[in-house]
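These numbers come from a predicted model, not from an experiment.
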There are 2 protein chains.
Amino acid sequence: MDQQTIRKAGLKVTLPRMKILEILEENAQRHMTAEDVYKELLLRDEEIGLATVYRVLTQFEAAGLAERHHFEGGQAVFELNRGEHHDHIVCLTCGKVEEFMDETIEKCQAKIAKKHGFTIADHSLILYGECNNPKCPNRPK
Amino acid sequence: MDQQTIRKAGLKVTLPRMKILEILEENAQRHMTAEDVYKELLLRDEEIGLATVYRVLTQFEAAGLAERHHFEGGQAVFELNRGEHHDHIVCLTCGKVEEFMDETIEKCQAKIAKKHGFTIADHSLILYGECNNPKCPNRPK
DNA sequence: AATAGAAATGAGAAGCTTACGCATTGGCGT
DNA sequence: ACGCCAATGCGTAAGCTTCTCATTTCTATT
């Protein structure tokens, strides 16, 4: 139940938060910008302001429900946290994002952090390139 | 000679470009924002506009002279390209940035790209954490 | 159920970073 | 030394995100 998800995050259960969570769940395979979420809300005739979308997404992030990524292009994208950590490959031509996870890289990172005397809190690994998909050049949006 | 660096990049040798390159060289251990560079120019009584700083930094980036990184915090930072590729560890408390390079990780990335059918053009790996330096909590700025 | 208090929302405006337009300035080849 | 064309500076504009504050909505309480 979504309500529990929100409540456990220490947030009041409100309509905007329910709707936004719902949209993020339905688009779990995509990575959505705040604007994307807002547009989706408009399509559903929900009277939710863009400011609220940003606020809620930021709260979700703070609560660990969602992650914010800064891919190239200035606009931040959000995705629901589904438990398993992963990194991203982004196609510079069509914008497609794929996810991956490599145990070796994770271990190397820990090793490097130790060598530098750092305690790692988080990391961001993004590979940029061309997806080589025949249909790729059709940029979305 | 700096002039050669700029000329070889296909850019006209102008005073702003010289000064900005100079500042980047003198602060090679730091990672500077456009604003940082601009302030440094003001200190030196150079009549160079912020718009020019952004323009020149972007040109340096396009010419491969400098790299632009998007660490957390929205503001992009620039650093001169000194030939050898490297990634970054950023201290979330004091903002200190250290550089590293790990052959194993680089190889893993290539492997992952191949597995996903991507041709890698670039990548961004940033570790965030605490530097554990006794003097760390004195945030700069 | 009704109510009070606190938190959340919506709308617009502000803030911040970055890019742009245009008149003026300044390199660089001849 | 001269002139062309690129580069600059200033102001302004654009894009993304956050803030302000009056109003609404949730939740705990009566």
Less than 4.0 angstrom between a side-chain N/O of T58(A) and OP1 or OP2 of dT18(D), yes or no? yes
Check whether any side-chain N or O of Y54(A) sits under 4.0 Å from OP1 or OP2 of dT17(D), and answer yes or no. yes
Ion pair check, E40(B) and R44(B), cut-off under 4.0 Å: yes
For M18(A) and dT25(D), what is the distance between atoms CE and P respectively, to the nearest whole Å? 16 Å
Between T58(B) (side chain only) and Y54(B) (backbone N and O only), is there a donor and an acceptor less than 3.5 Å apart? yes
Carefully, step by step, assess V37(B) and F78(B) under the rule side chain to side chain contact (heavy atoms under 4.5 Å, CB included). CA-CA 10 Å; V37(B) 173; F78(B) 295 83; over 6 Å; no
Taking D102(B) for its side chain and I105(B) for its backbone only, find out whether a donor-acceptor pair lies under 3.5 Å. yes
Taking atom C1' of dT25(D) as reference, at what distance in whole Å does atom CD1 of I6(A) sit? 14 Å
Please list, chain by chain and in numerical order, all residues satisfying salt bridge (Lys or Arg N to Asp or Glu O under 4.0 Å) with R82(B), sequence neighbours excluded. E79(B), E99(B)
Compute the ring centroids of H88(B) and F71(B), then answer whether they are less than 6.0 Å apart. yes
Rounded to the nearest angstrom, tell me the gap between atom CD in Q4(A) and atom P in dT27(D). 11 Å
Using atom NE2 of H70(B) as one end and atom P of dG15(D) as the other, report the distance to the nearest whole Å. 17 Å
H70(B)/Q75(B) under side-chain hydrogen bond (donor to acceptor under 3.5 Å, both in side chains): CA gap, chis, key distance, verdict: CA-CA 7 Å; H70(B) 292 279; Q75(B) 223 157 155; over 6 Å; no
Does a nitrogen or oxygen in the side chain of R7(B) sit under 4.0 Å from OP1 or OP2 of dG27(C)? no
5'-most by nearest nucleotide on DNA chain C - V13(B) or L50(B): L50(B)
To the nearest angstrom, the NZ-P distance between K19(B) and dG9(D) comes to 13 Å
What's A76(B) touching, base or sugar-phosphate or nothing? Going by heavy atoms closer than 4.0 Å. sugar-phosphate
What does nucleotides 6-11 of chain C look like as a protein-contact string, B for base, S for sugar-phosphate only, - for none, at under 4.0 angstrom between heavy atoms? BSSBBB
In whole angstroms, how far is the P atom of dC16(C) from the NZ atom of K39(B)? 11 Å
Just how far, in rounded Å, is C1' of dT17(C) from CZ of F71(B)? 17 Å
Provide, to the nearest angstrom, the distance between the CD atom belonging to E35(A) and the P atom belonging to dA14(D). 16 Å
